[in-house]
Structures are given as C-alpha cells and as structure tokens.
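One structure is given below, encoded as structure tokens.
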Amino acid sequence: MPAAVWSTDEIKPRERIAFWREAVCQTVLNVTPEEPGEDFHASISGRSFGALRFASFSSTAHSIIREQRHVDCAGEDQYLIGYQRSGRSELAQAGRELWLDPGEITIVDGTQPFRTRFPQPVRRILALVPRYTLDLRAPWIRRNGICKVPVASAFSMLARGHIRQLAGEEPLKTEQAQLLADNLCNLLAAATAPELTGEKIQTDIQLQAIIAYCREHLGDPELSPRRVAEHFRISVRTLHLRFEGAQYSFARWLLDSRLEECRRVLCETASRSLSITEIAFRCGFNDLSHFSKSYKAKFDETPRGTRALAFAGSA
C-alpha cells in the first residue's frame with residue numbers, strides 16, 4: 001500500500017493551516033489545527049489497511065483540537081497511538097494532562113475530545129487502531145483514560161519498532177499490517193498493565209486463549225458461546241463474564257471481528273476475483289441483509305464502496 005504524502009512546501013503561507021487540516025483529516029482523523037507559529041510548515045505521509053491507519057508527520061509549532069463535533073460526525077471507534085520522535089508535546093483529554101518527550105508513546109481514546117499542543121518543531125508517528133483490539137487486551141486503558149508508555153518500559157523499544165514499520169515506506173500486505181498491529185496492541189497491553197493477582201493473570205490468559213480460538217474459527221457460522229464454552233470446559237456464563245471484564249460482549253466482539261475481516265479481504269488484491277457474497281460467507285455471515293446493514297453501520301460505507309476505494313486507480 002503506497003503512502004499518501006501531503007506537504008505545505010508549495011502552499012501559500014495564508015493557506016497552509018487550512019491545507020494542513022485537510023491533510024490530517026484525510027490521513028488520520030477529523031481535527032482542527034490551530035495557533036500556527038510564524039512561518040508554519042508541516043508534512044505528513046500515511047497509509048491505511050482496512051480499518052488500520054498509520055501516519056508519520058513533522059511540523060513547526062501549532063495545536064491540534066478534536067472537539068465533540070468532530071467525534072459526532074466521524075463515527076469512528078478507535079484508539080490513537082502516538083510515538084514522539086522529536087520535540088515535546090502536551091496532551092489533554094477528559095481533565096487529564098501529560099507531556100510527551102522523545103521516545104514516549106501515548107494512547108488516546110479517539111471517541112473523546114482531546115487537545116494536543118506542539119510548542120516547538122516536532123516529529124511524531126501515529127497509529128489508529130479499532131478500539132476493541134486494545135480493549136480486550138487492556139481494559140484498564142479505557143477505564144483510566146489517556147496513558148503514556150515511558151521510554152524505559154521493557155516493551156517500549158519493541159512497540160516503537162512496530163510503529164515505525166507500520167508507518168514506514170517498506171511495502172506491507174494487509175495481513176502483515178494486521179499481524180503487526182495485533183502484536184503492537186499486545187506490547188502496549190503488557191507495557192501498561194497494572195500489577196495483577198495470580199487469579200487475574202489466569203483470567204486474562206484464558207480470555208486471550210478464547211479470542212485466539214474464535215479468530216481461528218471466525219469463518220464458521222456455527223461459532224457460538226455454547227460451542228466456545230464447551231471447548232474450554234467452562235460455563236456459558238463464565239465465557240460471558242470473561243468478555244464483560246474487558247467491557248465487551250461476545251456477540252459484539254464476534255460481529256466486529258467478522259466485519260473487520262471482511263473489510264481486510266475486500267482490500268486484498270488476491271481476493272479481487274471473489275464476490276462480496278463469497279467474502280461475507282467465508283467470514284462467517286449467513287445473512288447478506290444483516291451483513292450489509294452491519295457493515296454500513298460500522299464503516300459508514302458499503303462493501304462495494306470499500307472495494308472501489310481500495311482499488312481506485314489500479315488497472
């Protein structure tokens with residue numbers, strides 16, 4: 001997936017902040033840039049793989065505002081992961097404020113307003129991932145709000161490497177990007193985890209095993225709470241409690257995962273010969289009307305629209 005590149009270099013000074021707003025909205029998410037410093041300059045490159053989006057940018061001093069109106073019109077349910085490469089940034093969300101220094105990583109809830117201020121030239125890498133990919137691994141992030149992964153964290157170096165690779169220029173297939181993003185979420189969960197009791201550790205391990213099993217059988221339309229519970233020799237109630245502990249439900253996780261998988265396959269060059277119906281059935285759906293309505297509700301576009309956008313301009 002080639003990166004889209006935006007730069008203010010050839011833009012008239014008075015038009016740069018408006019250009020930058022369009023660039024960030026197209027590449028990452030809806031925001032409003034404000035307070036540009038004198039002789040404002042910025043550039044950003046980004047690429048997407050289905051619901052995953054990654055961007056690398058550099059800029060002179062300015063601020064980024066995400067207001068409730070941005071959230072309301074976007075329909076996005078994602079976390080914004082930021083890796084500070086140089087300069088300092090001030091981040092505020094839900095009454096909490098923190099400063100980022102080079103090497104630090106932050107996790108921000110994209111469904112809530114926030115403000116980021118860059119008082120000096122800055123370089124950052126951003127990753128936008130579906131919120132459920134982190135919620136099931138690290139439910140404490142959603143409960144605690146914005147958080148920061150210090151440079152000294154044992155998992156920080158590995159996480160930074162994953163982010164650089166995802167936002168870099170090296171070609172990646174959608175399935176490779178998904179695997180790297182899953183590994184990144186695992187690393188961030190480990191880096192931010194509170195001290196856990198032995199019982200809690202066992203519960204989390206069991207939930208991860210359940211998720212792995214469900215992913216392996218995602219295309220089976222007969223996958224159900226009872227079948228999963230029987231496989232792990234637990235009650236259906238215990239199964240639901242495992243998901244509830246991560247502030248999710250089994251049904252919602254299954255639907256979201258199948259929709260994300262459909263979107264991933266729709267964007268794959270190797271799957272262009274498959275019809276949308278075939279893809280839906282392969283991902284576990286057996287009701288096309290339900291699939292179409294759910295897909296439109298989640299992504300605000302039709303499966304046909306996703307495929308057309310993924311291959312726009314290709315032969």
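The structure presented is a predicted model; accordingly, all values stated were derived computationally and were not measured. Below, each value reflects all heavy atoms present in this structure, side chains not excepted, and no hydrogens, waters or symmetry copies.
Note on L207 and I234: same hydrophobic cluster, where clusters join Ile, Leu, Val, Met, Phe, Trp and Tyr whose side-chain heavy atoms are under 4.5 Å apart, directly or indirectly. Linking Ile, Leu, Val, Met, Phe, Trp and Tyr residues whenever their side-chain heavy atoms come within less than 4.5 Å leaves I65 and L128 in two separate clusters.
Across F155 and L187, no two heavy atoms sit closer than the pair CB-O, 3.8 Å. Looking at every heavy atom in both residues, P303 comes nearest to I276 through CB-CG2, 3.8 Å. Smallest separation of non-hydrogen atoms from D135 and Y79: OD1-OH, 2.7 Å.
You'll find the side chain of W99 reaches within 4.5 Å of the side chain of R88, heavy atoms only. The side-chain heavy atoms of S59 and V122, taken from C-beta on, include a pair separated by under 4.5 Å. Taking 4.5 Å as the limit, every side-chain heavy atom of I11 sits out of range of all side-chain heavy atoms of W20. Annotation: side chain of E90 is not in contact with side chain of L100 (no heavy-atom distance under 4.5 Å). Between R21 and C25, some side-chain heavy-atom pair lies under the 4.5 Å cut-off. Counting only heavy atoms from C-beta outward, the side chains of H41 and D9 approach each other to under 4.5 Å. By the 4.5 Å heavy-atom criterion applied to side chains, T111 and R131 are counted as neighbours. Side chains of R137 and T133 form a contact here, defined as non-hydrogen atoms less than 4.5 Å apart.
Residue pairs satisfying the ring pair (Phe, Tyr, Trp, His ring centres under 6.0 Å) criterion with at least one member in residues 209-230, sequence neighbours excluded, are listed as follows: Y213-H217, Y213-H231, Y213-F232. Note on residues 109-129: pairs passing ring pair (Phe, Tyr, Trp, His ring centres under 6.0 Å), not counting sequence neighbours, are F57-F118, H62-F118.
Counted within 6.0 Å of CD on E15, heavy atoms from surrounding residues, nucleotides or ligands total more than 12; the atom is thus considered enclosed.
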After noting the C-alpha distance and the side-chain angles of L239 and R226, does the key distance pass the side chain to side chain contact (heavy atoms under 4.5 Å, CB included) rule? CA-CA 9 Å; L239 174 72; R226 181 169 297 280; over 6 Å; no
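Note: F291 and F285 have tilted aromatic rings, judged against thresholds of 30 and 60 degrees for the angle between ring planes.
A salt bridge links E35 and R115; the closest N-O separation between the charged side-chain nitrogens and carboxylate oxygens is under 4.0 Å. A salt bridge between D101 and R85 is absent, with no side-chain N of the basic residue lying under 4.0 Å from a carboxylate O of the acidic one.
Distance alone, capped at 3.5 Å, places no donor-acceptor pair between the Q26 side chain and the A23 backbone.
Among E67, H70, R66, the single residue meeting the side-chain hydrogen bond (donor to acceptor under 3.5 Å, both in side chains) criterion with T32 is H70.
Both tests do not hold together for R16 against F19: distance to the six-membered ring centre under 6.0 Å, angle to the ring axis within 45°.
No hydrogens or angles considered: a donor-acceptor pair under 3.5 Å links the side chains of D256 and Y248.
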Hey, can you pull the donor-acceptor pairs under 3.5 Å for the side chains in residues 159-168, sequence neighbours left out?
| unit_1 | atom_1 | unit_2 | atom_2 | d |
| --- | --- | --- | --- | --- |
| R160 | NH1 | G103 | O | 3.4 |
| R160 | NH1 | S156 | OG | 2.6 |
| H162 | ND1 | L158 | O | 2.9 |
| R164 | NH1 | Y83 | OH | 3.1 |

